[in-house]
Amino acid sequence: MERRRFLLGSSIAGLPAWRPAFSQPAPGRGAQGPRIVSPEVHPDRKVTFRLLAPKAGSVVLNGSWAIGTDIPMSKDDQGVWSVTVGPLGEQLWWYWFVVDGLKMLDPANAEYARDGAQYFNWLMVSGPYSDTWEFKPDVPHGAVQAVWYPSPILKQKERRMYVYTPPDYLTGSRRYPVLYLLHGGGGDEDQWINMGRANIIMDNLIAAGKIRPMIVVMPNGNANQIVAQGYGYGPIPRPLPAGPGRAPAPPKVGDQPGPAREAGARGQPPAAPGRGMMNMAYQGSYPESLVKEVVPFIDKNFRTVANKDNRAIAGLSMGGMHTLMATLNNPGVFGWIAVWSAGGQDTPEFASGLTKLKDSGVRLFYVGAGDTDFALKGSQMLHEMAQKVGLKTSWRMVPGPHYYLIWRPLLADYASMLFR
């Protein structure tokens with residue numbers, strides 16, 4: 001039986017164009033103390049950050065821009081620490097403070113992002129480049145539902161996924177094509193909405209007439225999880241060793257959580273995504289569950305056009321590996337395939353799998369990565385291999401490292417090509 005929980009409309013999930021943040025009054029001073037506005041975006045796109053911490057010995061700022069690591073802040077005679085950076089590019093950035101060695105969010109800014117177990121503050125610098133993922137109150141908004149479905153393959157009674165439906169879905173009767181959108185390592189079913197802004201991107205592109213209205217399904221790619229953390233539904237099950245009656249833990253593919261991905265890494269370089277992929281167990285895995293449980297559930301409970309040519313899939317990093325596993329083991333299920341920031345293998349076995357995809361009638365095999373992405377080389381190799389076997393391919397490299405700064409524009413570009 002279908003069970004849905006309405007989560008949020010796109011108008012709630014998105015952020016408006018930047019406005020002054022909430023004030024942070026001085027403790028014990030009431031309305032007479034200094035009023036803190038942080039962040040403050042100036043006309044030249046420089047940004048000032050402020051924090052009231054009169055007893056702190058040191059405060060530094062960290063942000064997701066290229067030189068945003070451990071930026072010292074200065075304290076004035078009222079105990080307000082501040083620093084001005086930039087100009088910053090047109091993007092949805094994230095940042096946080098470190099006060100005497102302790103990470104903390106900006107108390108003057110109510111906008112925050114959640115990436116798995118990590119939290120950051122949002123900062124929007126508006127402009128043409130960021131326009132696609134900036135919330136617009138004057139366009140029609142779709143809905144995002146938290147949907148529970150059974151998963152015998154993963155040995156779980158119910159699991160949660162997010163499903164976006166376009167603005168006219170609830171008031172109409174037409175059927176829609178479907179995009180299955182997979183997150184990376186450290187994420188969950190919430191990541192493409194919170195970090196990736198997928199619903200906002202879809203709303204804006206549909207309103208502009210740049211894409212066909214479509215349903216977007218965002219499952220949880222962690223085989224051991226039932227639901228994302230952070231909603232009071234925990235404790236989240238910890239990974240268990242494989243055994244009778246237990247789903248295997250998801251394979252590790254070198255994804256690094258949070259901003260460490262951007263630094264490409266502040267520790268040792270990660271393993272190339274996709275390494276050993278053809279040897280990973282498919283039976284009982286999340287990619288098998290995706291094809292055999294999630295896809296049939298969506299076709300049964302939503303108004304879909306249930307055929308290959310109206311079914312697309314895309315995944316980033318770990319989700320790119322999941323995309324390859326799901327499609328190579330099930331040629332003929334998806335007509336449109338995108339792999340971002342993940343690679344393949346230069347082996348006859350892998351080339352044979354790509355050939356089977358071509359023979360199944362794949363309409364487009366899209367590969368993308370960032371120009372400073374640690375997965376760039378592997379992604380380029382995957383695209384070259386797909387070209388060699390005769391798949392109709394598309395390649396795009398966008399500015400940025402291995403994170404949502406690149407995956408938002410890749411989603412917008414890929415969506416514009418689908419179901420044509």
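Only a predicted model underlies this, so the values are computations on that prediction, with no experimental measurement involved. For reference, positions follow the sequence shown, starting with 1.
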> Among side-chain atoms of Y112 and N194, is any donor-acceptor pair under 3.5 angstrom?
Replying inline: no
>> For S151 and Q156: C-alpha separation, side-chain torsions, deciding distance, then whether side-chain hydrogen bond (donor to acceptor under 3.5 Å, both in side chains) applies.
In response: CA-CA 5 Å; S151 181; Q156 293 168 355; 5.2 Å; no
> Are E134 and R197 ion-paired here, with the side-chain N under 4.0 Å from a carboxylate O?
Replying inline: no
> Can we say D203 and K136 salt-bridge, meaning some charged N sits less than 4.0 Å from an Asp/Glu carboxylate O?
Replying inline: no
> Are any side-chain N or O atoms of D131 and backbone N or O atoms of G127, one a donor and one an acceptor, separated by less than 3.5 Å?
Replying inline: no
> Does W96 reach the main-chain N or O of N121 with its side chain, forming a donor-acceptor pair under 3.5 Å?
Replying inline: no
> Below 4.0 angstrom, N of the basic side chain to O of the carboxylate: do R114 and D188 qualify?
Replying inline: yes
> Mind checking whether W192 and H183 have ring centres under 6.0 Å apart?
Replying inline: no
> Hey, mind stepping through Q91 and W133 against side-chain hydrogen bond (donor to acceptor under 3.5 Å, both in side chains) and telling me if it holds?
Replying inline: CA-CA 9 Å; Q91 184 57 272; W133 49 87; 3.2 Å; yes
> Going through the distances and angles, do T132 and N204 end up as a side-chain hydrogen bond (donor to acceptor under 3.5 Å, both in side chains)?
Replying inline: CA-CA 6 Å; T132 304; N204 291 339; over 6 Å; no
> Just by distance, do the side chain of R363 and the backbone of R420 share a donor-acceptor pair under 3.5 Å?
Replying inline: yes
> Which residue, W94, W65, W93, F120, forms the ring pair (Phe, Tyr, Trp, His ring centres under 6.0 Å) with Y403?
Replying inline: W94
> Going by distance alone, is a donor N or O of one side chain under 3.5 Å from an acceptor N or O of the other, for W407 and S341?
Replying inline: yes
>> Check whether E90 reaches the backbone of Y129 with its side chain - one donor and one acceptor, N or O, closer than 3.5 Å.
In response: yes
> Will you find, in the side chains of Y176 and R303, an N or O donor that is under 3.5 Å from an N or O acceptor?
Replying inline: no
>> Between N224 and Y286, do the side chains contain a donor N or O and an acceptor N or O under 3.5 Å apart?
In response: no
>> For the residue pair Y404 / Q191, report whether a side-chain donor-acceptor contact shorter than 3.5 Å exists.
In response: yes
>> So that I can tick it off, tell me whether R311 and D299 are bridged by a salt bridge, with the cut-off set at under 4.0 angstrom between side-chain N and carboxylate O.
In response: yes
>> Taking K392's backbone N and O only, do any of them form a donor-acceptor pair with Q387's side chain (distance below 3.5 Å, no angle check)?
In response: no
> In terms of side-chain heavy atoms, does N109 have a donor or acceptor partner in Y95 at a distance below 3.5 Å?
Replying inline: yes
>> Just by distance, no angles: are the side chains of N222 and N220 close enough, under 3.5 Å, to form a donor-acceptor pair?
In response: yes
